Structure formats: structure tokens, C-alpha cells
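The structure appears right after this line, and notes come after that.
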Amino acid sequence: MLILVCNVGSTSLKYKLFNMPDETILVEAKTERVGRTDAIFTYRNHCSGYSEKLENLAIPDYAAGIRLFLGYLLGEESGYCREITELEAIGFKTVLAKDYYGVHELTEEVLQAMEAYNEVAPAHNPPYIQAIRVFREILPDRLMVGCFETAFHQTIPLSRRLYAVPYEWYEQYGIQRFGYHGASHGYIARQIAAKAGETYKLISCHLGGSGSLCAIENGKSVDTSFGFSLQTGIPHANRSGDLDAYIIPFLLSRGMPMDEILRGIDKNGGLLGISGVSNDLRDIQAAADRGNERAALAIDAYCGAIVKYIGAFYAELGGLDYLVFTGGIGENSAPVREKVCSALAHLGIAFDPARNASARGEALLSAGDSRVKVYVIPTNEEVGIAQTIYERSKP
Ligand code: ADP
């Protein structure tokens, strides 16, 4: 069974065509810098060996990026060598829709429910809706499935999902902690289940441009650092994370316009806001290593927030068996992993700095006698989505 997975980033489009259930990748492609005139498109067909890399392309929007990819996927020479009827489904890592939290066929009704929450996920929902509509126009007969990022967190008890505001806000407007990064945390939970069996307590730290932690017990999410929108939790690359709501009326009363306040929270905040250097941890780390104090402060604030959530989740889980780092920062930044873990020895984490420094790909980072096993595991959200769709549609 063939399943195409499309991952729509804030400036990128990534595709993987899987043969399921063996998870072989037949085709993979990527468009970077969507919206610019120097976009890069890479395409690789692993069946035929056909590959292409185009640079300095004008890709004004997601629709243009998808048309380019589908031209290659369905092309005679570059195409995927099988009948289009064998393409069972196209899966999307969709973010949030009103009243749809699981895995759903992307009907017009579901697209409208995504549109209804555009203001909660402004960097994600509009490009996804555009992308899905283009796929539907070009491949009208194929099943389109959205695996909503909120799905994995539906097992969090209501007492933890509710904000302490009038209950009617939850009933009338659905105000609650939804949680995101479900495809990644779900994938990590499955990787740990393969090592641990069915019974385990895990904290998964997905640290990338967006970051979130998830407390997982026996495969089920029981808490997460993300709340109602993707602006919450630990600081992100350029978004603030958790913020006292009363900062907003205070700044308004001092004459700062609302759009400037929002820009400070969702574009000029996070690691960029504190460091003033960059939204990319590599640049911030390099500046800190050169003695830049604000860069060092941003890293301290970032790691401190991660430590705080780990402590809270340890208490909620009543102990811990596994701590996993994933995402661009979690997989690549040995200094961040070390800073976090060296603050957690009292929780039974015996960290091995040498293993950490030399870790490439999946690796164990804790010492042999550590009560909690610490791993870095590269995430694979696309395969997680293909697995979910396959499980639901297999005969
Ligand atoms: P997104 O959340 O946008 O999908 P990623 O998970 O790919 O992003 O993470 C991107 C971030 O990973 C970059 O902003 C960068 O800060 C960080 N990163 C990537 N490689 C390294 C590295 N070698 N060292 C430190 N940080 C890194």
C-alpha cells in the first residue's frame, strides 16, 4: 500500500512516499524557502534513481510549490513507477481544527473547521488548507487524511486540560490546552515501547524551531507543555512560550499597539527576543561561546524552562524511566542536552558527557548505572503519519 505524506512547514514543504507496512521510502522531495525567489527544490526517486536539485526558483506560494512537486511525482521519467491507483492515501500533519482532534478524512467540512481556528495557528493552518486544496484539485480521487497534532493529547485528563477560567469559556469557545507535536511525541513513544514493552514512564522533549515536552505513561500522553495555541510552553525560536496574560493589557495601557505586542510575542520573542542575536540556536551558541552575555542568558532561560517542565512532569508521572531528546535542537545540540541533564542528577539521571558529545543519530546518553535512561532519538513524523493511516485503513 502506498501512502504519500506531506509536511507543510512555515517556509518549507517536505514529502515522503512510503510503501507500507515495510516503511520503505520510494520518493522523497523538499522545497525550501517557499515565498521567495531563491527557493530550492530537491527530488529523489529511490526506485529509478532519478534525482533533481533546482536552485534560485521563484516559488511565490505553497500552491506553486506543490504543483512543481506533483509534476515530478506524476511525470513519465521522474514519476514513482507504479499505477496512481496504488496510491492509497495522502496524509498531512495538520495542526488544529474546531471539534476535530484525531485522524480525519479532509472533507470540505474539516477544512472549514481548520479555517475556524486560523487565528490560533496562523503560521500553520492557512498554508495547510492551501496545500490540501491544491492536492485535491490535481488528484481529486485520492483519499486525503489529516493526522491532527492535537490527536495524541486527547488522553490528557480534563482536569489538566482546563484553564482556571469560567467553565463556560470551555463549553462555549472550546478554550483548553490542546497540545501539539503529537506526530513526533507519538513516534517517540512507539520507539520507547519497542525497548521497554508496554509499561513505562517517559518524558519526550521535542526541541526544534518550536519546542514542547510531553509526559507519557504506557504510550499515552498525560500532559504536555503546549497549551491552547502554539505560542505557549517553553520558549521557541522566535515565539515567547508561556506568558502572563496581564502583560498585554499593561503594554496596551502604556500606548503600545496590539499588532506590535503580538509581533513581540510571536515573531520577535523566544530565543531571538532574549538573545537579540538570532532565532537559530547555532548562531546563539556561537555568540555565547564568544562571550555574548545575552546569548548565554537566552540559553540559560531556554534550558531552565525545560528543566522546570521535566520536574513538573516527573512529579505528575510519579517517577521516570526514560528521557528522550528529539527535534533539530534535541538531536544536534550536545550543550543544551548537557545543561538540562546536569541539573537533574537528583532525579536519578546519571548523564555521560562523553556519550553525549559523540552521539550521532539514535544514542544512549546516560551512564550504565543511571536509574533513568536518557536517549537522543531522531524524530520521524512522516513515518508516524504513514503508520497511523496504514493502521486505520488496513483490511
Ligand atoms: P522545526 O521545528 O522548524 O521543524 P527543526 O526541528 O528542524 O525545526 O529545528 C530547527 C532548529 O534546530 C534550528 O533553529 C537550530 O536552532 C537547531 N539546530 C539544528 N542543528 C543544530 C546544531 N548542530 N546545533 C544546535 N542547534 C541546531
Side-chain angles (χ1 to χ4, degrees), residues 5-16 28 30-35 40 42 62 92-95 121-124 127-128 149 179-185 187-188 204-214 224-226 229-241 266-290 292 295-296 298-303 305-306 324-340 356-361 363 365 376-385:
V5 177
C6 178
N7 189 344
V8 182
S10 45
T11 58
S12 68
L13 285 157
K14 292 179 202 151
Y15 317 88
K16 279 185 185 157
E28 61 190 314
K30 183 158 75 171
T31 307
E32 292 164 275
R33 302 184 191 154
V34 174
I40 305 167
T42 46
Y62 288 85
F92 295 88
K93 189 170 69 84
T94 40
V95 174
H124 298 85
Y128 260 110
E149 286 282 70
Y180 300 93
H181 286 155
S184 179
H185 292 307
Y187 174 80
I188 296 299
S204 164
C205 308
H206 178 109
L207 310 177
S210 302
S212 74
L213 282 79
C214 184
T224 181
S225 58
F226 262 140
S229 74
L230 291 108
Q231 314 298 337
T232 49
I234 62 170
H236 308 277
N238 53 356
R239 307 199 305 275
S240 68
D266 68 22
K267 291 202 177 55
N268 301 327
L271 286 166
L272 170 65
I274 299 180
S275 72
V277 170
S278 164
N279 64 357
D280 191 310
L281 187 75
R282 284 165 287 204
D283 303 331
I284 301 169
Q285 187 72 58
D289 293 346
R290 287 193 306 268
N292 182 315
I299 294 171
D300 283 350
Y302 184 67
C303 294
I306 296 166
V324 175
F325 291 93
T326 193
I329 294 173
E331 290 166 31
N332 296 300
S333 176
V336 163
R337 294 190 305 246
E338 179 160 356
K339 208 174 198 23
V340 168
N356 181 46
S358 62
R360 300 282 172 275
L365 307 180
V376 54
I377 300 181
T379 196
N380 193 336
E381 296 164 303
E382 287 88 0
V383 86
I385 290 168

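Quick caveat, the model's predicted, so the values are computed rather than measured. Side-chain atoms are counted along with the backbone in the values below, which use heavy atoms only and exclude waters and symmetry mates. All ligand and atom numbering here is 1-based and tracks the order in the structure.
The main-chain N or O of Gly327 is never found under 3.5 Å from a side-chain atom of Thr379 such that the two would form a donor-acceptor pair. Remark: side-chain polar atoms of Ser333 are not paired, donor with acceptor, to backbone N or O of Ile329 under 3.5 angstrom. The backbone N or O of Lys93 lies less than 3.5 Å from a partner atom in the side chain of Tyr128, making a donor-acceptor pair.
Scanning the protein heavy atoms around atom 21 (C) of ligand 1, the nearest turns out to be Asn332 CB, 3.4 Å. Here the heavy atom of the protein found nearest to atom 16 (O) of ligand 1 is Leu281 N, 2.8 Å. Looking only at protein heavy atoms, the nearest one to atom 6 (O) of ligand 1 is Gly328 N, 2.9 Å. Here the heavy atom of the protein found nearest to atom 2 (O) of ligand 1 is Gly209 N, 2.9 Å. Taking atom 15 (C) of ligand 1 as the reference point, the nearest protein heavy-atom neighbour is Asp280 OD1, 3.2 Å. For atom 26 (N) of ligand 1, the nearest non-hydrogen atom of the protein is Arg282 CG, 3.8 Å.
With no hydrogens or angles considered, a side-chain donor-acceptor pair links Ser204 and His185 at under 3.5 Å.
If you number the atoms of ligand 1 from 1 as listed, the ones under 4.0 Å from a heavy atom of Ser333 come out as 25 (C). Remark: ligand 1 atoms within the under-4.0 Å shell around heavy atoms of Ile329 are 12 (O), 16 (O), 17 (C). Each of the following atoms of ligand 1 lies closer than 4.0 Å to a heavy atom of Ser210: 2 (O).
Remark: atom 23 (N) of ligand 1 lies closer than 4.0 Å to at least one protein heavy atom.
When side chains are defined from C-beta on, Pro235 does not count as touching Ile274, because their heavy atoms never get closer than 4.5 Å.
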Between Ser12 and Glu32, is the side-chain hydrogen bond (donor to acceptor under 3.5 Å, both in side chains) condition met? List the steps. CA-CA 5 Å; Ser12 68; Glu32 292 164 275; over 6 Å; no
Start with the C-alpha distance between His236 and Phe226, add both sets of side-chain angles, then the distance that settles ring pair (Phe, Tyr, Trp, His ring centres under 6.0 Å), and finish with yes or no. CA-CA 11 Å; His236 308 277; Phe226 262 140; 5.3 Å; yes
